[in-house]
2 protein chains.
Amino acid sequence: MRTFVAAADMGRFQDAADELAITQQAVSKRVAALERALGVRLFARTARGAKLTVDGQAFLPHARDLLRAEERAVDSVRPGRRALRVDVIGRRLAPADLVRDFHRAHPGIELDVVTLFDADAAIDAIRSGTVDASFRAVTRGQLPAGIGADRAFDEPIQLLVGPGHQLADASAVTPAELVGHRIWMPGIVAGTEWAAYYGDLAAAFGLTIEVTGPDFGVKPLLDTLADSPSLATFVGELTGFGWPADQGLRRIAVKDPTPVYPHSLLWHRDNAHPALAALRGHHVSGSGGLSGAGTWTPAWA
Amino acid sequence: MRTFVAAADMGRFQDAADELAITQQAVSKRVAALERALGVRLFARTARGAKLTVDGQAFLPHARDLLRAEERAVDSVRPGRRALRVDVIGRRLAPADLVRDFHRAHPGIELDVVTLFDADAAIDAIRSGTVDASFRAVTRGQLPAGIGADRAFDEPIQLLVGPGHQLADASAVTPAELVGHRIWMPGIVAGTEWAAYYGDLAAAFGLTIEVTGPDFGVKPLLDTLADSPSLATFVGELTGFGWPADQGLRRIAVKDPTPVYPHSLLWHRDNAHPALAALRGHHVSGSGGLSGAGTWTPAWA
DNA sequence: GGGGCCGCACAACCGATCGTTGTGGCAGTC
DNA sequence: GACTGCCACAACGATCGGTTGTGCGGCCCC
């Protein structure tokens, strides 16, 4: 592909060969192989060089695109000049949407979104420079030296139930009213900050949260919820807008107090990546913390 | 690259190998080679398969982009389902800008822009199905059967002169006033419809148009014009907005009559490409022909 | 118009690469 | 503690890709 582009630019196979530091015959063979693979003739060979055919002209910009894509791919893992790498707790959860918003607001900034195991892994990755920023709920004051944290936003937790659930018609519930109800949250992996948050939430109000069962994904969870008169689950207020058909599922606000999930933006103080400042500025100015009267967060947050 | 994506999707090298119809060992070698080339580890090998590392997660979307780019490139030359292929007289002339406008108005329609030698080559290409549409000035009534033509738009011709030219301060000139002036148009290739148009223009009004000299591109032409008190050139009204600094060059309208260049959109009546109808509709509705009182076109147009 | 030159294609050779079979090692699991 | 599943390493064979050497066909120019 690179040979084709070089030959098209130069207009002569020999010049392309010089640029690529190979022989003219090698260029000829490469182009011939490409033409054979595509099934079309890309160059019209003349006595004065090689001019592009119509197919070649149409193919050329796509070939350039391919080379650019390759360059971006290589750069994405090249230390030093690589895109801003942001860890989110899940690709379908609220922080991922925020990163998407940021990307829309700053289309010129290259972003790579990754998902690490938990907050500890994220902190390690930030310390080692593997990632540049992370949206995680963390224990403030226990952060290693060099790691900074902005309380990016607090996401209120809602109850998600099927249409036949006992609470389906409630406009809002209090945590105390949830005592005794079965709250099912497969996919919460033990040891993560997710598990710590919901564990503390359950302990604080005497709730029953089942984390048993393998996680088959969002769809089966929603299907099960929709058909169950007793199962409920917690979901973030900003989470799930891309989910499949809701089958009559109801979102019920939780109040008095409202549990909020404390998303913080973590970064390394030594990280001079220019896009990092933009990301921090975007989210700090975007929304302040909601914590205060009427909300609940774990003591460690 | 395809192996990497397959392995990332499947989570196990063996499954990726099955999908690609190769052995697990081959997948292992390919991934190892890719990791060596990139200098980073893409997978964390476990006893239960291979999970992506952070670098692997960042790399994956770029790898997918690369595969998509490859698919688009191949499709661009695949007969049948390929992008709409439009010939323009020059990539920096008015029709190319119109095609760009069309692309902005219909971002979903894939376009490939090519440049053929002249109108005859364009007609041959349309007959053979090599291109789907062409903006060219053609002799109406002499088109082969099956070729349709819409008079897309008429582009008034202006005079371009340097700041020291005798006509630099004129607000408009008539063709009759240009008799005896040196009008220089390198880059006009004999035998093309360009040459026919300007040849007829010169003959109709007794002008002197020099087409001698090799064409070194737009920049040297503009440089020469800027420094010359006697050289002038013709340029389309819509042409040249992307040109480099104008060095005080003046555009002077031509009137009584105004020569207009008759851009037609050619296409094949048997061509059922869905985007072709959109292109025709876009340009026919965009602007009607200006020909009529006060304008001049060759008799054949 | 014919010799010379320029530029690409074909042929033969050779080294490198890629995929295969066979095997080993490591980590969970019963 | 043996088993199972999964990936890595080793050796071999076929294919691929690059190089040298040569042929062929247009332009150019004398």
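Lettering follows sequence order; numbering is per chain, from 1.
Taking atom NZ of Lys51(B) as the reference point, atom P of dC7(D) lies 13 Å away to the nearest angstrom. As rounded to whole Å, 13 Å separates atom P of dC8(C) from atom CD1 of Ile22(A). Here dC7(D) presents its P atom at 15 Å from CG of Leu42(B), a figure rounded to the nearest Å. One atom, NZ of Lys29(A), and another, P of dT20(D), lie 13 Å apart when rounded to the nearest Å. Rounded to a whole Å, the CZ atom of Arg36(A) is 13 Å from the C1' atom of dC10(C). A straight line from CZ of Arg45(A) to C1' of dC6(C) spans 16 Å, rounded to a whole angstrom.
Residues satisfying the salt bridge (Lys or Arg N to Asp or Glu O under 4.0 Å) criterion with Arg127(A), sequence neighbours excluded, are absent altogether. Not counting sequence neighbours, Arg91(B) has no partner by the salt bridge (Lys or Arg N to Asp or Glu O under 4.0 Å) test. Listed by chain and number, the residues in a side-chain contact (heavy atoms from CB on, under 4.5 Å) with Arg64(A) are Val5(A), Asp9(A), Leu60(A), Arg68(A) (sequence neighbours excluded). The ring-ring contact (aromatic ring centres under 6.0 Å, His included) check on Tyr261(B) picks up Trp194(B), Tyr197(B), His263(B), with sequence neighbours excluded. For the side-chain contact (heavy atoms from CB on, under 4.5 Å) test, residues two or more places apart in sequence or in another chain that qualify with Glu71(A) are Asp75(A). Among residues two or more places apart in sequence or in another chain, the side-chain contact (heavy atoms from CB on, under 4.5 Å) test is passed with Ala7(A) by Phe13(A), Ala16(A), Phe43(A). Scored by the side-chain contact (heavy atoms from CB on, under 4.5 Å) test, Ala96(A) finds Val88(A), Arg100(A) as partners (sequence neighbours excluded).
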Indicate for each nucleotide in nucleotides 21-30 of chain C, in 5' to 3' sequence, whether protein heavy atoms under 4.0 Å reach the base (B), only the sugar-phosphate (S), or nothing (-). BBB---SSS-
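Nucleic acid contact for Ala50(B): sugar-phosphate only, since backbone atoms but no base atoms lie under 4.0 Å from a heavy atom of the residue. Residue Ala32(A) is classed as having no contact, given no heavy-atom separation below 4.0 Å to the nucleic acid.
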Hey, what are the protein-to-nucleotides 2-5 of chain C N/O distances that come in under 3.5 Å?
none

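In this model, no donor atom of one side chain and acceptor atom of the other lie less than 3.5 Å apart for Thr192(A) and Asp118(A). A donor-acceptor pair shorter than 3.5 Å cannot be found between the side chains of Asp132(A) and His268(A).
For the OP1/OP2 pair of dC8(C) and a distance below 4.0 Å, the side-chain nitrogens and oxygens of Ser28(A) include no atom meeting the criterion. Within the 4.0 Å cut-off from OP1 or OP2 of dC16(D), not a single side-chain nitrogen or oxygen of Arg30(A) is found.
Only at 4.0 angstrom or more do the heavy atoms of residues 8-21 of chain A sit from any atom of DNA chain D, so none qualifies.
The salt bridge (Lys or Arg N to Asp or Glu O under 4.0 Å) analysis of residues 182-195 of chain B, with sequence neighbours excluded, yields the pairs Arg136(B)-Glu193(B), Arg182(B)-Glu210(B). Judged as a salt bridge (Lys or Arg N to Asp or Glu O under 4.0 Å), the pairs with a partner in residues 26-36 of chain B (not counting sequence neighbours) are, in order, Glu35(B)-Arg45(B).
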